[in-house]
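Report on the following structure.
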Amino acid sequence: MRATLTRRAAVPADSPPYRYHALFGLAFILAGIALWAVGFAFPSGVRAQPAPKALTRLLQQHRLDPQDVGYHLFRLTDGQVVDTYDADTPRIPASTTKLITALAALEILGEDYRFQTRLLVSGKVHESTLYGDLYLVGGGDPTLSTNDLQGFVDALKTAGITQVSGRFAFDESFLTTTQEINPKQPIAAAYNPGVSALSLNYNRVQLRWKGKPEAKNFRTWLRSPADGIFLPVAGVSTGLIPIGVQSDAPFLLDGGSRDHWLLSRQLPAGGFKELPIRRAPGKVAASLFRTYCLQQGITLPLPQAASAPTNARLLYTHDSKPLPEILSGMLFHSNNLSAELTGLVTSRALRDLPLSIADSAALLTDWYQRRLPQTDWTGFVSMNHSGLSSMSRHSPRQLTAILYNGATLTSEQTGHGGPNAPPPLLDLLPHPEWENEWAELGEKVRAKSGTMSYIDGLIGILTTRKGHQLGFALLLTDFARRVAFDTARHAERVQTPPEAEAWTERAKAFEQALLLHWRRTY
């Protein structure tokens, strides 16, 4: 059941270095306060101030350019601005996008929402045979795993079904199916799988090989892993890159309709690689279900795509864990497939039809613009729900408007903190896994990070030494180097250049140092 959510009324108050022109006078200030009581917003069009001494020192210490950094820091209780620098420049958000996806899902779907995967039948059962069709219907569950299949098998056994005379169909029509999240990412990147309403084990497979390619003892195995259960994968296959094909990539995907991975002849003698399921994730999930059934004495035909008829009978429904638990795991592990499926299901709740990833992200952007009309959304672009794109643009000020809105959600029925109220934002955000001298700081920070080559960021909440809770959005983007990286990058390559890794190390060290400065200062 969808909960009815609202936002606690609050009157954010700006503080220097923002200055209103005297021409607007007291009338403007009073009008602004009235508007802000309705929806959180920060003033727009403010130019970046000269970098303060503390920021200049930290930038020099970590060899970063002032134009690469933007941040916005505010008091969580009332939205009052505490510190800011170049907060209006749209930057590449990377995986910080997952937080705005999670907050939209929580508000639109409700904290009680559970993703559903269903098993339906048509026809009659006679002497353990279903004389009709069996349908496995996906509902966009991002966490469906092999372990969950047992409930479906038990339902078949309870119904007395050990074989099917008709079709075994998989129905992924609830969402639009795509072959990857971002086509510009490396081909063999497991974090960029195909997306389907029927996704299993995060649409990844484990490839293991033994022996040297072309040797007589060379063998490969493809398995789908989930909590110690390894199913052999049908619908995915391997071969060797043909002689004469020039490529320095260890793994290529051929141009067929199924995932056929071509392995380099230069691979070492034995190894392991996690690969994405790209071409037909729904069909692979159904094939894995068929294999699991066969292992338990239930024989199903080969799967084929078909929509379940409206008169099909429901045999079993698998409910995912509650939405907040799934969102918390998504933010902790920064799983791209989970973010995309969550965003697609959320937009489906708004429009009631399957959308492409880009259209779905645009719809949620439109929803945020209507939800927070006093925020300046100039330059705000989301290409997807996970942040796996260098074409997305969010400003720190826009992100903190979303953060503040999410932090002040409450339930109209029970009041904030009631038994059915959404969990506090703090419960969704993970602690950064910092080590050594930064470990103690990490315990005082709950944030979603985002990292790509020449891109880094954090959005979350900091508890200061004085006990204040401050919301912040901190984004770093070296646009020139990122453009050069995108221009030169070959889709087959996975390894990050050493110079990009060094930039990321400096950026993360800078973020930690700046957060420590905020913690001590405010």
Side-chain angles (χ1 to χ4, degrees), residues 55 58-71 85-86 89-99 180-193 247-252 264 273-276 331 333-337 339 381-384 386-396 399 432-436 438 442 447-460 473-515:
L55 176 59
L58 293 177
L59 290 169
Q60 292 175 346
Q61 178 182 346
H62 296 93
R63 291 179 289 129
L64 295 170
D65 195 303
Q67 69 180 3
D68 295 343
V69 179
Y71 62 75
Y85 176 75
D86 200 12
T89 297
R91 299 181 182 277
I92 303 174
S95 283
T96 61
T97 301
K98 292 183 175 68
L99 179 59
E180 67 275 302
I181 298 170
N182 184 351
K184 294 185 178 181
Q185 291 294 312
I187 291 173
Y191 57 77
N192 187 37
S247 175
D248 59 358
F251 307 97
L252 291 177
S264 170
K273 170 66 177 175
E274 194 171 69
L275 294 169
L331 295 174
H333 296 287
S334 199
N335 185 273
N336 293 326
L337 179 64
V381 177
S382 287
M383 299 301 296
N384 52 41
S386 63
L388 188 62
S389 172
S390 60
M391 301 302 292
S392 294
R393 296 290 186 273
H394 303 159
S395 77
L399 289 176
E433 295 183 321
W434 292 336
E435 300 177 351
N436 302 326
W438 303 110
K448 181 68 195 82
S449 63
T451 302
M452 298 171 69
S453 293
Y454 302 112
I455 301 162
D456 214 86
L458 281 172
I459 174 173
L474 168 59
L475 298 179
L476 293 88
T477 306
D478 188 326
F479 284 105
R481 289 179 176 174
R482 181 65 204 191
V483 169
F485 176 84
D486 284 337
T487 301
R489 187 173 191 175
H490 197 289
E492 299 171 358
R493 297 173 182 169
V494 178
Q495 293 184 342
T496 302
E499 57 271 22
E501 292 182 349
W503 187 94
T504 297
E505 290 180 3
R506 298 199 308 273
K508 290 188 178 300
F510 165 80
E511 291 167 352
Q512 294 164 346
L514 183 59
L515 285 168

Next on the checklist: Walk me through whether Ile455 and Phe479 qualify under side chain to side chain contact (heavy atoms under 4.5 Å, CB included).
Outcome noted: CA-CA 8 Å; Ile455 301 162; Phe479 284 105; over 6 Å; no
Next on the checklist: Does Thr496 form a side chain to side chain contact (heavy atoms under 4.5 Å, CB included) with Trp503? I'd like the steps, not just the answer.
Outcome noted: CA-CA 11 Å; Thr496 302; Trp503 187 94; over 6 Å; no
Checklist entry - What do the steps show when you test Val483 against Asp486 for side chain to side chain contact (heavy atoms under 4.5 Å, CB included), and what is the final call? => result CA-CA 5 Å; Val483 169; Asp486 284 337; 5.9 Å; no
Checklist entry - side chain to side chain contact (heavy atoms under 4.5 Å, CB included) between Ile187 and Phe251: does it pass, once the steps are laid out? => result CA-CA 8 Å; Ile187 291 173; Phe251 307 97; over 6 Å; no
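Ionic pairing of Lys508 and Asp456 is present here: one or more N-O contacts between side-chain nitrogen and carboxylate oxygen are shorter than 4.0 angstrom.
Residues Asp86 and Val69 are not in side-chain contact: their nearest non-hydrogen atoms beyond the backbone lie 4.5 Å or more apart.
Using modelled atom types and a 3.5 Å distance limit, the side chains of Asn335 and Lys98 yield no donor-acceptor pair. Side chains of His394 and Ser382: a donor-acceptor N/O pair is present below 3.5 angstrom, by distance only.
Under the 30°/60° scheme for interplanar angles, the aromatic rings of Tyr71 and Tyr85 are found to be tilted.
For the atom pair OG1 of Thr477 and CG of Asp68, the computed distance is 7.5 Å after rounding to the nearest 0.5 Å.
When all heavy atoms are compared, the tightest approach of Thr89 to Pro396 is O-CD, 3.7 Å. Contact record, Leu475 with Arg91: O-CD, 3.6 Å, taken as the closest heavy-atom pair. Nearest heavy-atom pair, Ser95 versus Ser334, reported as atom, atom and distance to 0.1 Å: OG-OG, 3.4 Å. When all heavy atoms of Ala513 and Leu58 are compared, the pair lying nearest together is CB-CD2, 3.8 Å. For Leu399 against Ala473, the heavy-atom pair with the smallest separation is CB-CB, 3.8 Å. Residues Ser386 and Asn336 approach most closely at CB-OD1, 3.6 Å, considering heavy atoms.
Contacts of Trp438 classified as side chain to side chain donor-acceptor pair (under 3.5 Å), with partners at least two apart in sequence or in another chain: Gln512. Residues passing the salt bridge (charged side-chain N to carboxylate O under 4.0 Å, His left out) test with Arg481, sequence neighbours excluded: Asp478.
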